[in-house]
Amino acid sequence: MMYENIDFNSIDLTQEPPVSEPERQYYFIAKCRQYVKEQEELAGHPLTAAVVTFGCQMNARDSEKLSGILEQVGYTLSDSEEADFVIYNTCTVRDNANQRVYGRLGFCNSMKRKNPHKKIALCGCMMQEQNVIDKLKKSYRFVDLIFGTHNIFKFAELLCRMFESSGMVIDIWKDSDQIVEDLPVERKYPFKSGINIMFGCNNFCTYCIVPYVRGREKSRRPKEILQEIERLADDGVVEIMLLGQNVNSYGKNLENPVTFAELLREVNKIEGLKRIRFMTSHPKDLSDDLILAMKECDKVCKHMHLPLQSGSSRILKIMNRHYDKEQYLEIVRKLRDAIPDIALTTDIIVGFPGETEEDFMETMDVVKQVEYDSAFTFIYSKRTGTPAASMENQCDPDEVKRHFDMLLKEVQQISTRKAMELEGKVVEVLAEEPNEQDASLITGRLANNAVVHFPGDAGMIGKLYQVKLTECKGFYYLGEVVANE
Ligand code: SAH
Ligand code: SF4
Ligand code: F3S
């Protein structure tokens, strides 16, 4: 039974909660509705809730699940941290993501003094770290609810516990092999959506904390994924992004193994869908069949995000990436041979322990050879518990900064040059939102994910247009519609 068909008000709360999922959460949604109603009477106004998201697309998708529950239990969703209930969905991939959360919490505490009914919750990747929990317990006692990445499906149940308890409720699981389907989701956009195809990561790149906070790799069954996408397409979604830390290893551990390329071909058949994206591809598992599937599937955007991390084979080995510079370049060659106009984007880390001038120049060399359409560049951030954190040869911060600036300059010059190549061309664009600065403009995206602003109105949102890119502004374009699709 799908949650849309559930009548939560008819659930008998005098009974014990069911043991099986998702029925158990349906029960707690019903129970929570009563608590929210009571609180509303106390407060004298409808209760609002805000979900504040840090981190990657996977966290953004989790936030839609949190919003779905909040809406079902009776909150009105809001974007403001002044809301009666604020939940921070945290990220800990780099220390700055982590620090920002503490900053927001301080601010929230001052608001809580003004609004005694205000509740504050924390969840997401940061909560899977023991040192974070210790710190919160010691210095952030005003937080009402804390949970992690593995029990997010129990959000309704945890909310109930929060309402029933006077102190801080903390529930963190070390790991889980459970995937609970069919819980409410509230999509941020009506016309596009992320879809989890897998959770967790098994790769243990030596700098990265994700495998520790997200647990082992688990794939959803193709049937569940396809059904979810079909439902979304019926509901007007035209673009989807298939999400996983390493989509190229999708399906390997299923009872009936399926490859990512096979899944892509199935998704491509879904009627109503116009665009398919995916993130992230690990170069070590990128198969020839995936390249072929991308080429053959008309709905798959000709865009590959292929994190390089470093161009030095020596550093790549210590990073535990399982490919070297030559293998990476070979994949790029194959992709471009098969799909000449493919857009390539990447992630690069500067200042991994022991990185020398020579290693860095190897990264610069790959950047120059590949000519990425865009690249995310990061300064290495030491994450407690990862192998790289205890390496003794951490880099000199001034050197790292110098390299980072050099890389950023190169990357930007190349992206601008690449972006210029499309000026004057007519491309397919999905109209996504009204322009924030100028109400006569609509903002849309090209297949390669670049942004274009063009004259239009809100009625165009969610539809595809042929747009002439009249002017390239470096990171974005100005354009005009030449035809509807
Ligand atoms: N699963 C994806 C990456 C997820 S994290 C993949 O393997 O490509 C997103 C990016 O953050 C990574 O690609 C990496 O470039 C960066 N990153 C991860 N850990 C980092 C760290 N400790 N310091 C700096 N950047 C890091
Ligand atoms: Fe982190 Fe590597 Fe897993 Fe990506 S593949 S999430 S970088 S461990
Ligand atoms: Fe951050 Fe967790 Fe994503 S650490 S990058 S939110 S998986």
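Side chains included, hydrogens not; waters and symmetry mates left out as well; all remaining heavy atoms used. Each residue takes its place number in the sequence, starting with 1. Start at 1 and go down the list; that is how both ligands and their atoms are numbered.
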Counting neighbours of [atom1] on [X] that are heavy atoms of other residues, nucleotides or ligands and sit closer than 6.0 Å, is the number greater than 12?
X    : atom1 : result
D79  : CG    : no
E436 : CD    : no
Q99  : CD    : yes
R187 : CZ    : yes
R265 : CZ    : yes

- Item | Ring centre gap for F378 and F404 strictly below 6.0 Å |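 Centroid separation for F378 and F404: 6.0 Å or greater.
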Notebook entry, point to check: Between Y380 and Y207, is the gap from one ring center to the other below 6.0 Å?
Noted result: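 No: the rings miss the under 6.0 Å criterion.
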*With hydrogens left out, which residues have an atom under 4.0 Å from ligand 1, given that only heavy atoms count?*
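Lining ligand 1 at under 4.0 Å, by heavy atoms, one finds V93, R94, Y207, Q245, T280, P307, Q309, R321, D347, I349, F378, I379, Y380, S381, R383.
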Residues at least two apart in sequence or cross-chain that pass ring pair (Phe, Tyr, Trp, His ring centres under 6.0 Å) with Y212, listed by chain then number, are F204
* Contact check, Q57 vs ligand 3, heavy-atom distance below 4.0 Å ->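 Contact absent.
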Check each atom of ligand 2 against the heavy atoms of R321 and keep those under 4.0 Å away; list them by number with element.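 Going through ligand 2 atom by atom, the ones under 4.0 Å from R321 are 2 (Fe), 7 (S).
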Note: ligand 2 atoms sitting under 4.0 Å from heavy atoms of H282 are 5 (S)
Any side-chain donor paired with an acceptor under 3.5 Å for [X] and [Y]?
X    : Y    : result
D373 : T345 : no
S63  : N89  : yes
D347 : H305 : yes
K218 : N196 : no

For atom 1 (Fe) of ligand 3 the protein N, O or S atom count under 2.8 Å stands at 1
CG (L308) and OG1 (T363) are apart, to the nearest 0.5 Å, by 6.0 Å
May I ask you to decide if G215's main-chain N or O and D175's side chain share a donor-acceptor pair within less than 3.5 Å?
no
Counting from 1 in the order shown, the ligand 3 atoms closer than 4.0 Å to a non-hydrogen atom of Q245 are 7 (S)
Notebook entry, point to check: Which protein N, O or S atoms lie under 2.8 Å from atom 1 (Fe) of ligand 2, given by chain and residue number?
Noted result: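 Sorted hits: C208 SG.
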Just do the side-chain contact (heavy atoms from CB on, under 4.5 Å) check on Y88 and C108 with the steps written out, would you?
CA-CA 11 Å; Y88 294 94; C108 241; 3.2 Å; yes
